[in-house]
Number of protein chains: 2
Amino acid sequence: MTTIGFETHDHRACVSEAMTKAEARCAASDLRLTPVRRRVLELLLVDHRALGAYDILGHLSAEGLGTQPPVAYRALDFLVKAGFAHRIEALNAYIACAHLGADHTPAFLICRNCRSVAESDTAPSQGRLGVAARDAGFQIEHTVIEAQGLCPACQTGNAA
Amino acid sequence: MTTIGFETHDHRACVSEAMTKAEARCAASDLRLTPVRRRVLELLLVDHRALGAYDILGHLSAEGLGTQPPVAYRALDFLVKAGFAHRIEALNAYIACAHLGADHTPAFLICRNCRSVAESDTAPSQGRLGVAARDAGFQIEHTVIEAQGLCPACQTGNAA
DNA sequence: GAACTAATGTTATAACATATCAATACTGAA
DNA sequence: TTCAGTATTGATATGTTATAACATTAGTTC
Ligand SMILES: [Zn+2]
Ligand SMILES: [Zn+2]
Ligand SMILES: [Zn+2]
Ligand SMILES: [Zn+2]
């Protein structure tokens with residue numbers, strides 16, 4: 001399991017690399033990375049934190065790419081379905097996938113103070129939850145795993 | 001790990017037993033189970049499924065216990081903080097705790113068809129997520145673990 | 001019964017999300 | 001290259017979930 005999220009890094013490269021991967025996957029899978037979708041993915045990648053749909057919409061609106069909620073939600077739906085972004089249920093917010101390209105079941109470490117999010121990959125049907133599901137005869141289709149707390153940076157005095 | 005939720009049972013006894021436990025804990029911990037709070041807990045226990053705040057409010061309103069959103073949200077906040085109910089993030093809904101009284105980190109199996117919810121207890125900081133958090137220097141305060149899919153009953157033809 | 005705290009009543013609004021239908025752009029075949 | 005079919009976008013309206021703010025009432029303590 002690789003955790004990606006709190007360490008410092010060459011963020012410019014991180015963003016452009018992810019965009020390149022996304023473009024490649026769209027070309028390969030016959031998906032259309034239209035201007036709005038492309039820009040929303042960029043916004044998520046650049047911010048590296050969970051953004052609400054209306055945060056996104058604010059950017060789009062400022063850039064003349066659309067002013068109404070469906071614009072943001074459609075782009076986010078596309079990105080989530082394509083696997084380029086994930087929805088964070090506990091925040092009603094969205095974040096760029098940190099493992100672009102690979103099929104995976106993500107787990108998140110979410111800082112309640114700065115909203116930064118680290119993404120871990122998990123083994124889906126293994127682990128306690130999978131065992132409980134099998135025992136109960138429950139058929140898992142999707143799993144939400146989100147830990148909330150304080151990231152390393154926010155533990156040093158500045159948080160509540 | 002005990003999973004509680006999909007098996008059939010003497011539901012009348014299940015509800016009254018839970019209410020008795022809740023009353024005992026309130027008496028012991030100097031918490032006040034006021035009429036609205038009591039009724040909301042009953043509603044959650046009786047339904048045995050995830051209910052939205054406005055579902056709850058509908059019942060309360062029909063019974064003359066309050067008509068405005070804060071009435072429902074305050075009662076639900078109380079029950080969640082007291083450990084008598086849990087919030088299901090993936091549904092924006094609430095469910096009575098199936099392990100009333102014990103301190104625990106719940107995990108849920110949520111049927112997307114009938115909204116029934118089974119609650120499992122998990123070992124919090126153990127497991128892969130805990131390891132990832134320690135590796136990243138992340139301090140977990142709260143964990144959301146919610147699997148969505150089909151319950152045993154809904155797997156037999158009636159679901160999409 | 002005065003002072004304090006907890007709970008409720010009430011109004012308004014914030015925040016998040018979708019339904020619907022019209023218009024346009026792209027795609028692939030006749 | 002026109003046509004039909006599909007995907008995307010534009011636009012309006014509305015639905016759903018949640019909280020802020022402040023007044024009032026009820027319990028509790030001294
Ligand atoms: Zn991912
Ligand atoms: Zn932080
Ligand atoms: Zn519980
Ligand atoms: Zn079901």
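Letters A, B, ... mirror the listed sequences (proteins, then strands); counts begin at 1. Atom set for the values below is all heavy atoms of this structure, side chains included, hydrogens, waters and symmetry mates excluded.
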Trainee: Give the rounded distance in Å between these two atoms: CG of A:Leu91 and P of C:dA15.
Mentor: 15 Å

Trainee: Ignoring backbone atoms, establish whether A:Tyr73 has a side-chain N or O less than 4.0 Å from OP1 or OP2 of C:dA17.
Mentor: yes

Trainee: Between atom CG in A:Leu57 and atom C1' in C:dA17, what is the gap in whole Å?
Mentor: 12 Å

Trainee: What is the distance, rounded to the nearest whole Å, between atom NZ of A:Lys81 and atom C1' of D:dA7?
Mentor: 13 Å

Trainee: Not counting sequence neighbours, which residues clear salt bridge (charged side-chain N to carboxylate O under 4.0 Å, His left out) with B:Arg38? List them please.
Mentor: B:Glu23, B:Glu42

Trainee: Counting only pairs under 3.5 Å, give me each side-chain donor-acceptor contact of residues 58-65 of chain A, with atom names and distances, residues two or more places apart or in other chains.
Mentor:
from	atom 1	to	atom 2	distance (Å)
A:Glu63	OE1	A:Arg39	NE	2.7
A:Glu63	OE2	A:Arg39	NE	3.3
A:Glu63	OE2	A:Arg39	NH2	2.9

Trainee: Please figure out whether A:Ala93 or B:Thr34 has its closest DNA chain C nucleotide nearer the 5' end.
Mentor: B:Thr34

Trainee: A:Ser16: what forms a side-chain contact (heavy atoms from CB on, under 4.5 Å) with it, not counting sequence neighbours?
Mentor: none

Trainee: Using whole Å, what does the distance between atom P of nucleotide C:dA17 and atom CG of A:Asn92 come to?
Mentor: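 Rounding to the nearest Å, CG of A:Asn92 and P of C:dA17 are 5 Å apart.
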
Trainee: Listing time: all N or O pairs from protein to nucleotides 24-30 of chain D that are below 3.5 Å?
Mentor:
none

Trainee: Figure out the CG/P separation between A:Leu51 and C:dA15, and round it to whole Å.
Mentor: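 Distance check: A:Leu51 CG to C:dA15 P gives 15 Å.
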
Trainee: How long is the line joining OH of A:Tyr94 and C1' of C:dA15, in whole Å?
Mentor: 12 Å

Trainee: Sequence neighbours excluded, which residues qualify as salt bridge (charged side-chain N to carboxylate O under 4.0 Å, His left out) partners of A:Arg87?
Mentor: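 A:Arg87: salt bridge (charged side-chain N to carboxylate O under 4.0 Å, His left out) contacts with A:Glu89.
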
Trainee: Do the two ring centres, one from B:His86 and one from B:His104, sit under 6.0 Å apart?
Mentor: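 Centroid separation for B:His86 and B:His104: below 6.0 Å.
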
Trainee: Any pair with a residue in residues 135-155 of chain B that passes ring pair (Phe, Tyr, Trp, His ring centres under 6.0 Å), sequence neighbours left out, goes on the list, sorted by first then second residue, please.
Mentor: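 Ring pair (Phe, Tyr, Trp, His ring centres under 6.0 Å) check on residues 135-155 of chain B returns A:Phe6-B:Phe138.
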
Trainee: Mapping B:Pro35 and A:Gly52 to their closest nucleotides on DNA chain C, which lands nearer the 5' end?
Mentor: B:Pro35

Trainee: When you get a sec, tell me which of C:dA17, D:dT17, D:dT9 is the closest nucleotide to the side chain of A:Arg37?
Mentor: D:dT9

Trainee: Take the angle between the ring planes of A:His11 and A:His48 and call it parallel below 30°, perpendicular above 60°, tilted in between.
Mentor: tilted

Trainee: Output all residues satisfying side-chain contact (heavy atoms from CB on, under 4.5 Å) with B:Pro70, sequence neighbours left out; order by chain, then residue number.
Mentor: B:Gln68, B:Arg74

Trainee: How sharply is the helix from C:dG1-D:dC30 to C:dA30-D:dT1 bent, taking the axes over five pairs at either end and rounding to 10 degrees?
Mentor: 20°

Trainee: Please list all pairs passing the salt bridge (charged side-chain N to carboxylate O under 4.0 Å, His left out) test where one or both residues lie in residues 143-155 of chain A, with sequence neighbours left out.
Mentor: none

Trainee: In whole Å, I'd like the distance from the CG atom of B:Leu76 to the P atom of D:dT19.
Mentor: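 Whole-Å distance recorded here is 11 Å.
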
Trainee: Grab the CG-C1' distance between A:Asp55 and C:dA15 for me, whole Å please.
Mentor: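 So the CG-C1' distance, A:Asp55 to C:dA15, works out to 11 Å.
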
Trainee: Quick one: ring-ring contact (aromatic ring centres under 6.0 Å, His included) partners of B:Tyr94, sequence neighbours excluded?
Mentor: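 In terms of ring-ring contact (aromatic ring centres under 6.0 Å, His included), with neighbours along the sequence ignored, B:Tyr94 is linked to no residue.
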
Trainee: Sugar-phosphate atoms are those with a prime plus P, OP1 and OP2; base atoms are the rest. Using that split, label each nucleotide of nucleotides 10-16 of chain D B, S or - for protein heavy atoms under 4.0 Å, 5' to 3'.
Mentor: BBB----

Trainee: For B:Ala147, enumerate each residue passing the side-chain contact (heavy atoms from CB on, under 4.5 Å) test, keeping only those at least two apart in sequence or located in another chain.
Mentor: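 For B:Ala147, the residues satisfying side-chain contact (heavy atoms from CB on, under 4.5 Å) (neighbours in sequence not counted) are A:Leu129, A:Ile140, A:Thr143, B:Leu109.
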
Trainee: Tell me, do A:Ile110 and A:Arg115 make a side-chain contact under 4.5 Å, heavy atoms counted?
Mentor: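 No; the side chains remain at least 4.5 Å from each other.
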
